[in-house]
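Just below is one structure, and these are the notes that go with it.
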2 protein chains.
Amino acid sequence: MSKAYNVMAATCPSRTVLHRIGARWTVFVVNALAAGPMRFTELKAHIRGITSKALTETLRAMEYDGLILRTDYGGNPPHVEYALTPLGHSLLGPLRAVREWAETHVPDIESARAARSTTGS
Amino acid sequence: MSKAYNVMAATCPSRTVLHRIGARWTVFVVNALAAGPMRFTELKAHIRGITSKALTETLRAMEYDGLILRTDYGGNPPHVEYALTPLGHSLLGPLRAVREWAETHVPDIESARAARSTTGS
DNA sequence: CGAGACGGTATAGATTGGATACCGGTATCT
DNA sequence: AGATACCGGTATCCAATCTATACCGTCTCG
């Protein structure tokens, strides 16, 4: 049995892992970094709608979990680069599956929502 | 290019879709319902740690998006069943990929966290 | 009569996330 | 020389969200 973890267990660490993945911005950061390392402002520009704070916290959390690597080239003007670790890279596959599902099924979901809005109640 | 949607666009509907998927409990509900329809309390017992309110809201949202189907058999005692729609079912594949990634890489992440805690600061 | 199952709701408290503004240090524009 | 902008963030405040706890009506069982 290689499956030592059961997601439903509530005491299980995979809960926290799943929570991190679903953390609203993680997906986008992984996605953005897929093409190669990026700097902070670059990342911020790429992921439209994210604030500095959100980005900072997401990056910190991901670094803490070993998903990305932060490299500070110091000096001045500040130069910091973020890159995916092998672990972060391995997340790309599963995440891409979800993203593609989302992109594919947007019409279905929108029509479901529309149906509820017009027909419902 | 069949990719009419770009996740990074911020104005893009796939954002909301992705947000729904990452909504903390959605994954678990889909997972639980994979085996077949379930009743409210059954679901609540299966997903350890979820509260009635969280479950209710998750189910409502998922129903609104056409991911699940709520069937009220009325009468008494109350009898309500939740089942995956075909759309919800199609989500199972991508989600399972993520879940398996999570289960597989828990040790990696935990060791990364441990390394940060002992070595860091 | 009293208790429990069922499918939730109501209320309040804790936690998280977002928006906006600002920071220090340098380089550049005027 | 002064004003401004770039870079990688913080600080602060406020709003939305999540959680915990208790409770509801109806019915059946004992």
Side-chain angles (χ1 to χ4, degrees), chain A residues 8-12 15-29 32-33 36-65 68-83 120-121, chain B residues 8-12 15-29 32-33 36-65 68-83 120-121:
Chain A
M8 291 307 189
T11 55
C12 179
R15 274 283 174 91
T16 56
V17 173
L18 229 40
H19 187 204
R20 175 81 12 109
I21 295 174
R24 188 167 195 98
W25 294 114
T26 307
V27 184
F28 301 104
V29 171
L33 255 35
M38 276 198 187
R39 303 177 59 172
F40 188 88
T41 39
E42 212 171 348
L43 222 38
K44 188 161 172 283
H46 198 84
I47 307 171
R48 307 249 165 217
I50 196 172
T51 62
S52 297
K53 184 187 173 185
L55 183 53
T56 301
E57 284 174 4
T58 305
L59 290 171
R60 291 275 187 281
M62 289 176 68
E63 189 197 6
Y64 186 82
D65 283 356
I68 61 172
L69 185 69
R70 195 190 106 116
T71 311
D72 190 344
Y73 294 98
N76 188 291
H79 187 128
V80 183
E81 278 195 356
Y82 295 92
S121 86
Chain B
M8 292 306 189
T11 55
C12 178
R15 273 285 175 89
T16 55
V17 172
L18 229 40
H19 187 203
R20 175 73 21 103
I21 295 173
R24 190 170 190 96
W25 293 115
T26 307
V27 183
F28 301 103
V29 171
L33 254 37
M38 274 198 190
R39 304 177 59 171
F40 187 89
T41 39
E42 212 171 347
L43 222 37
K44 187 160 172 283
H46 199 83
I47 306 171
R48 307 249 165 217
I50 196 173
T51 62
S52 297
K53 186 183 173 188
L55 183 53
T56 301
E57 284 172 5
T58 305
L59 291 171
R60 292 275 188 280
M62 291 177 69
E63 189 196 7
Y64 185 82
D65 283 356
I68 59 172
L69 184 70
R70 195 190 108 115
T71 311
D72 190 343
Y73 294 97
N76 189 290
H79 187 130
V80 183
E81 277 195 356
Y82 295 92
S121 93

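Throughout, protein chains are lettered first and strands after them, A, B, ... in sequence-line order, and every chain is numbered starting at 1.
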[X] versus [Y], closest heavy-atom pair with distance:
X	Y	result
A:S52	A:F40	O-CZ, 3.9 Å
A:M62	A:T26	SD-CG2, 3.9 Å
B:V29	B:T58	CG2-CG2, 4.0 Å
B:A61	B:R20	O-NH1, 3.4 Å

Item checked: Bounds of contact between DNA chain C and chain B, in 5' to 3' order, using a heavy-atom cut-off under 4.0 Å ->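 Nucleotide range with atoms under 4.0 Å of chain B: C:dC6 to C:dA12.
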Could you check whether [X] gets within reach of a base, just the sugar-phosphate, or nothing at all, counting any heavy atom under 4.0 Å?
X	answer
B:Y73	nothing
A:T41	sugar-phosphate
B:K53	base
B:S52	base

Next item on the list: Between A:P78 and A:T51, name the one whose nearest nucleotide on DNA chain C is closer to the 5' end.
Entry: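 First, find each residue's nearest nucleotide; the 5'-ward one identifies A:T51.
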Notebook entry, point to check: So, is B:W25 close to the D:dT19 phosphate, meaning a side-chain N or O under 4.0 Å from OP1 or OP2?
Noted result: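 Indeed, a polar side-chain atom of B:W25 lies that close.
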Item checked: For B:R24, salt bridge (Lys or Arg N to Asp or Glu O under 4.0 Å) partners two or more places apart ->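 For B:R24, no residue satisfies salt bridge (Lys or Arg N to Asp or Glu O under 4.0 Å) once neighbours in sequence are set aside.
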Next item on the list: Sequence neighbours left out, what passes ring-ring contact (aromatic ring centres under 6.0 Å, His included) with B:H79? Give chain and number order.
Entry: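 Only B:Y73 meet the ring-ring contact (aromatic ring centres under 6.0 Å, His included) criterion with B:H79.
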Next item on the list: Can you tell me the distance, in whole Å, between the CD1 atom of B:I50 and the C1' atom of D:dT21?
Entry: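 From B:I50 CD1 to D:dT21 C1': 16 Å.
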Notebook entry, point to check: Could you give the NE2-to-C1' distance, from A:H19 to D:dT17, as a whole number of Å?
Noted result: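 Computing the A:H19:NE2 to D:dT17:C1' distance gives 11 Å.
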